[in-house]
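Data block below; observations after.
Atom set for the values below is all heavy atoms of this structure, side chains included, hydrogens, waters and symmetry mates excluded. Labels below follow one simple rule: chain letters A, B, ... track the order of the sequence lines, proteins then strands, and each chain is numbered from 1.
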Amino acid sequence: MAKKKSTPSAIRKSRSDKVASWLFVTPTMIFLGITALLPLLYSVYLSFFRLKLNLPNAVPEFTGFSNYIKMLTDETLRISTTNTLLFAVVSVALEVVVGLMVAMAFCSDKMWARCATSVFLIPTIMAPVAIGTLWRMMLDATTGIINYFLSFFGVPSITWLSSPKTAMLSVILVNVWQLAPWVTIICAAGLKSISPDMLEAACVDGASNGTIFRRIVLPMIAPLLTIVVMLRFVDAFKVFDTVYVMTNGGPGTATEMLPNYIYKQGLRFFDAGYSAALAIAFVLVMTVVTVGFLKLRDRLEAEI
Amino acid sequence: MKRKTNTKLPTVDNIIGNFAGRPIRIIIVVVSLVMILFPLYWLLTSSLKIKGEYLSNPPVVVPSVLTGESYRSVFGKDHMLEIFLNTFIVAAASTAISVVFGSMAAYAVARGSIGKQAKKIFGLWFMVQKMYPAIATAIPVYLVMRTLHLIDTRTALVIMNTSFNLPLVIWLMMGFFEQLPKELEESAMLDGCGFTRRFFLIIFPLTKPGMIAAAILAFVGAWNEFLFACILSINKSKTLPVLIAGFITDRGLEWGPMASTAVITLVPVLILVWALQKHFVQGLAMGAVKG
C-alpha cells in the first residue's frame with residue numbers, strides 16, 4: 001500500500017539515484033581508465049613499434065607486425081611457454097590435492113584445528129619475495145638445511161637451484177608451500193557448509209568413508225574446487241616474484257616463465273616493443289583461458 | 001568408524017577428518033604443521049644467528065647464541081626505518097583510497113541505477129583487470145612515470161597499488177552488497193533517504209565486516225607488492241620486498257640480514273591478520289566463491 005502511494009516520488013527519487021550512482025562510479029572509472037586501461041592500450045600501440053628503452057630520447061619506429069612475427073621463431077619464448085604450462089599444471093594439481101587433503105584432516109571445530117588455521121595463514125600473507133629468498137637459503141647446496149637433513153638418509157648434496165631438473169622441481173615445490181595453505185583455508189570453509197545430516201545419514205546406512213568422500217563430499221565441493229583451480233591456474237601463469245628471486249629463469253632457460261621473460265625483454269634487454277607484443281599475446285591467451293574456465297563453471301553449476 | 005563402539009555416532013568432524021583412517025589423519029596433521037612451521041623457525045633463527053652460524057656448513061639447527069646483529073645491520077646500513085615507512089605509507093594510502101572509492105563504485109554497480117548494460121560491462125572489466133598479469137602494463141607505466149618525473153616517488157607506488165586493489169575491493173564488496181536484503185533500502189527510500197545518505201548511513205555500517213576484509217586483503221597485497229615497487233623505485237621509494245630481493249642480487253650470501261628483513265616484513269601483517277582473522281578468512285573465502 002505504501003509503495004503505491006509513493007510511486008511519483010519514487011520516480012523522482014530514482015532519477016536522483018541515477019545521478020548519484022554515476023557519481024559514485026565515475027571517480028573509480030576515470031582512475032582505472034588512466035592507470036589500467038590506458039597502459040594496456042599503450043602496450044598494444046608499442047607492440048607495433050621498435051623502441052629501445054635504454055636510449056632516453058629514442059623515438060618509436062613503426063615496424064608493423066614484425067614483433068609478432070618474431071614470436072613465431074623465438075626459441076626462448078617456446079621454452080618459457082612450455083615451462084609456464086608445466087609449472088602451472090603440476091603446481092596447481094599438487095596444491096589442490098594437498099590442500100584438500102589437509103583441509104579434510106583438519107576438519108574439526110575443536111581448538112587445535114582453529115589454531116592450525118592461524119598457522120596456515122602465514123604462507124598466504126608472507127611476501128612472495130621473502131618466501132623465495134627463504135627457500136633459496138634453505139635449498140643452498142652447501143649451507144642449506146635441506147641438503148643437511150637429506151644427508152642423514154645418505155642422499156648426496158644436491159645443487160637444487162643450479163641444475164636444470166631440480167630447479168624446476170624446487171620452484172614448483174616452493175609454490176606449493178606458498179599456496180597449498182590457501183587452498184586449505186578455502187576448502188575448509190567449503191567443507192563446513194556440507195550438511196551434517198546427510199553425512200550422518202550416510203554413516204548410519206553403513207557407507208564407508210571412501211564412498212562418503214566420492215559420493216557426498218566431492219560432489220558438494222566440486223563447484224568450489226573448480227573456482228579454486230581456475231584462480232590458482234590463472235595466478236600460476238602470472239608467477240613472477242618467487243621465480244625472480246630463486247632462479248631468475250636459470251640455470252639457462254630451465255625455469256624461464258612468461259612473466260619473467262617479458263620482464264627481461266623489456267627491462268633487461270630494453271626492447272619495449274617486443275616486450276609489449278609478448279605481453280599483449282599473453283593477455284589474449286589468459287582471457288581465452290579465463291572465459292573457458294567460467295563457461296566450465298557455469299556448466300558445473302547448472303548440473304547441480 | 002573402525003571401532004565398533006556404536007553407542008555414539010561419529011561426528012561430522014570424524015567422518016570427513018578420518019577420510020583415510022585415523023592414523024593417516026594424524027600423519028597429515030603433523031607433517032603439514034611441521035612443513036609450514038619449520039621454514040618459519042629457520043627464518044626466525046637465521047635472523048638471530050651470528051654470522052659464523054648462518055653461513056656455516058653443516059648448518060646450525062639450534063643457534064648457540066642469539067644476537068641482534070643482523071637487525072642492527074639492516075637498521076643501520078640499509079635504512080630500514082625509511083623503507084619500512086615507505087612500505088607502510090604506500091600500503092595504507094592505497095588501501096584507504098581503494099576501500100572508500102571501491103566500495104562506492106561497488107555499491108553503485110550492485111544496487112545503484114546505472115542500467116543493466118553498464119553493470120554488465122563494469123562487472124566484466126573488474127574481472128578482466130583482476131586476471132591480467134601486472135607485467136602487461138609494466139613498460140607503459142614505467143615510460144609514463146618517467147615522463148611525469150614520478151620515478152622513485154611514493155606517489156607512483158600509491159597510484160599503481162590503488163589500481164591493483166580497486167578491482168579486488170569492488171569485486172568483494174559487490175558480493176557483500178548483494179547479500180543485503182533489498183527491503184532495507186526500499187524502506188529507507190520511502191522515508192526520503194537519498195542514494196548517498198543511504199550508502200553512508202545505512203549500508204556502510206552494515207557492511208563494515210566486509211570492508212574490513214577487503215581492507216586487509218588490499219593492505220597485505222600492497223605491502224607485499226614487488227614488481228612495480230622494483231621497477232618504479234631506485235632509492236627513495238624502496239619498499240621492503242625490494243630490499244629483500246636486493247640481498248640476493250646485489251651482494252652475496254647475507255642470509256642473516258636477509259632473514260631479519262623478511263621477519264620485519266612478515267610480523268606487522270601477521271599481527272594485523274591474526275587480530276582480524278575472522279574477517280580475513282571470510283574475505284579470502286568470499287573472493288574464491290565469487291571467482
Handout entry: Verdict with supporting geometry, W255(B) and T143(A), side-chain contact (heavy atoms from CB on, under 4.5 Å)
Key = CA-CA 10 Å; W255(B) 298 135; T143(A) 64; 3.7 Å; yes
Problem - A189(A) portion near chain B, given a 4.5 angstrom heavy-atom threshold - result: side chain
Problem - Proximal component of V234(A), with respect to chain B [non-hydrogen, under 4.5 Å] - result: side chain
Fill in the blank from the handout: Bottom line for L240(B): the part with an atom under 4.5 Å from chain A's heavy atoms is neither
Problem - Backbone of A136(B) reached by a side-chain donor or acceptor of S43(A) within 3.5 Å - result: yes
Practice task
Just give me the residue among A279(A), G144(A), P39(A), P128(A) that pairs up with chain B most often, heavy atom to heavy atom, under 4.5 Å.
Solution key: P39(A)
Fill in the blank from the handout: Distance col, row R136(A):CZ vs M258(B):CE, nearest 0.5 angstrom, shows 9.5 Å
Practice task
Against chain A, work out which of I97(B), V263(B), L143(B) has the most heavy-atom pairs shorter than 4.5 Å and name it.
Solution key: L143(B)
Problem - Region of M101(A) in contact with chain B, defined by heavy-atom distances below 4.5 Å - result: both
Exercise for the section: Locate the shortest heavy-atom distance separating F280(B) from I125(A); write the atom from each residue and the value. Expected result: CZ-CG2, 3.5 Å
Exercise for the section: Decide whether T117(A) and Q277(B) meet the rule of one side-chain donor and one side-chain acceptor closer than 3.5 Å. Expected result: no
Problem - Top of I122(A), L267(A), I185(A) for chain B proximity - count of heavy-atom pairs under 4.5 angstrom - result: I122(A)
Problem - Interchain contact, I170(B) with chain A, by part (heavy-atom threshold 4.5 Å) - result: side chain
Completion exercise
One option among I159(B), T265(B), I216(B), V61(B) has the most heavy-atom pairs under 4.5 Å with chain A, and it is I159(B)
Handout entry: Which atoms of T287(A) approach chain B - backbone, side chain, both or neither, heavy atom under 4.5 Å
Key = neither
Practice task
Select, from N224(B), V281(B), T137(B), I24(B), the one with the greatest count of heavy-atom pairs under 4.5 Å involving chain A.
Solution key: N224(B)
Problem - Candidate pair I135(B) and L258(A), rule side-chain contact (heavy atoms from CB on, under 4.5 Å), full reasoning - result: CA-CA 10 Å; I135(B) 189 82; L258(A) 288 171; over 6 Å; no
Practice task
State whether the side chain of D241(A) and the backbone N or O of L227(B) hold a donor-acceptor pair below 3.5 Å, judged by distance alone.
Solution key: no
Exercise for the section: Measure from the side-chain N and O atoms of W177(A) to the backbone N and O of M35(B), and report whether any donor-acceptor pair falls under 3.5 Å. Expected result: yes
Completion exercise
Answer key: most heavy-atom pairs under 4.5 Å with chain B among L46(A), L121(A), L38(A), V291(A) is L121(A)
Practice task
Check whether T261(B) gets within reach of chain A through its side chain, its backbone, both or neither, counting any heavy atom under 4.5 Å.
Solution key: neither
Problem - Closest approach of P123(A) to I36(B) (non-hydrogen atoms, all atoms of both residues) - result: CG-CG2, 4.0 Å
Problem - Nearest atoms (heavy-atom pairs only) where M160(B) meets T35(A) - result: CE-O, 3.9 Å
Completion exercise
Honestly, the part of F270(A) sitting under 4.5 Å from a heavy atom of chain B is neither
Fill in the blank from the handout: Under 4.5 Å to a heavy atom of chain A? For L33(B) that would be side chain
Exercise for the section: Over all heavy atoms of both residues, which pair between Y263(A) and C230(B) is shortest? Give the atoms and the distance, please. Expected result: OH-SG, 3.8 Å
Handout entry: Engaged part of L43(B) at the chain A interface, taking heavy atoms whose separation is under 4.5 Å
Key = both
Completion exercise
When rounded to the nearest 0.5 Å, the distance separating CD1 of I34(A) from OG of S163(B) is 10.5 Å
Exercise for the section: Let me see the working for L284(B) and W182(A) under side-chain contact (heavy atoms from CB on, under 4.5 Å), right down to the final yes or no. Expected result: CA-CA 8 Å; L284(B) 279 185; W182(A) 179 83; 3.6 Å; yes
Problem - Stepwise side-chain contact (heavy atoms from CB on, under 4.5 Å) test for W42(B) and W135(A) - result: CA-CA 10 Å; W42(B) 195 249; W135(A) 279 94; over 6 Å; no
Problem - D17(A) side, atom CG; T196(B) side, atom OG1 - distance, nearest 0.5 Å - result: 8.5 Å
Problem - Plane angle bin for F24(A) and F195(B) - parallel if under 30°, tilted between 30 and 60°, otherwise perpendicular - result: perpendicular
Exercise for the section: Could you tell me which portion of S56(B) (side chain, backbone, both or neither) has an atom closer than 4.5 angstrom to a non-hydrogen atom of chain A? Expected result: backbone
Exercise for the section: For the pair Y244(A) and F226(B), name the ring-plane relationship: parallel under 30°, tilted 30 to 60°, perpendicular over 60°. Expected result: tilted
Practice task
Please report the closest heavy-atom contact between C107(A) and R25(B), naming both atoms and the distance.
Solution key: O-NH2, 3.3 Å
Problem - Nearest heavy-atom neighbours spanning F101(B) and T28(A) - result: O-OG1, 3.2 Å
Handout entry: Crowding at CZ, R146(B) (>12 non-hydrogen neighbours, <6.0 Å)
Key = yes
Handout entry: N248(A), part contacting chain B, at a heavy-atom distance under 4.5 Å
Key = neither
Practice task
Below 4.5 Å from any heavy atom of chain B, which atoms of R214(A) appear? Answer side chain, backbone, both or neither.
Solution key: neither
Handout entry: Gap between atom CG of L40(B) and atom CE of M126(A) - 0.5 Å precision
Key = 6.0 Å
Completion exercise
Note: vs chain B, highest number of non-hydrogen pairs under 4.5 angstrom among F106(A), F282(A), F237(A), W112(A) is F106(A)
Fill in the blank from the handout: Rounding to 0.5 Å, atoms CG (L51(A)) and CD1 (I139(B)) come to a distance of 9.0 Å
Fill in the blank from the handout: Highest number of heavy-atom pairs under 4.5 Å with chain B among I145(A), V245(A), V283(A) belongs to I145(A)
Problem - Contact origin within A118(B) toward chain A - heavy atom pairs under 4.5 Å - result: side chain
Completion exercise
Highest number of heavy-atom pairs under 4.5 Å with chain A among L166(B), V269(B), L55(B) belongs to L166(B)
Fill in the blank from the handout: Counting heavy-atom pairs under 4.5 angstrom with chain A, the leader among A259(B), P167(B), A105(B) is A105(B)
Fill in the blank from the handout: Cut-off 4.5 Å, heavy atoms of chain A, and the answer for F199(B) is side chain
Exercise for the section: Examine distances only and state if a side-chain atom of W274(B) and a backbone atom of S118(A) form a donor-acceptor pair shorter than 3.5 Å. Expected result: yes
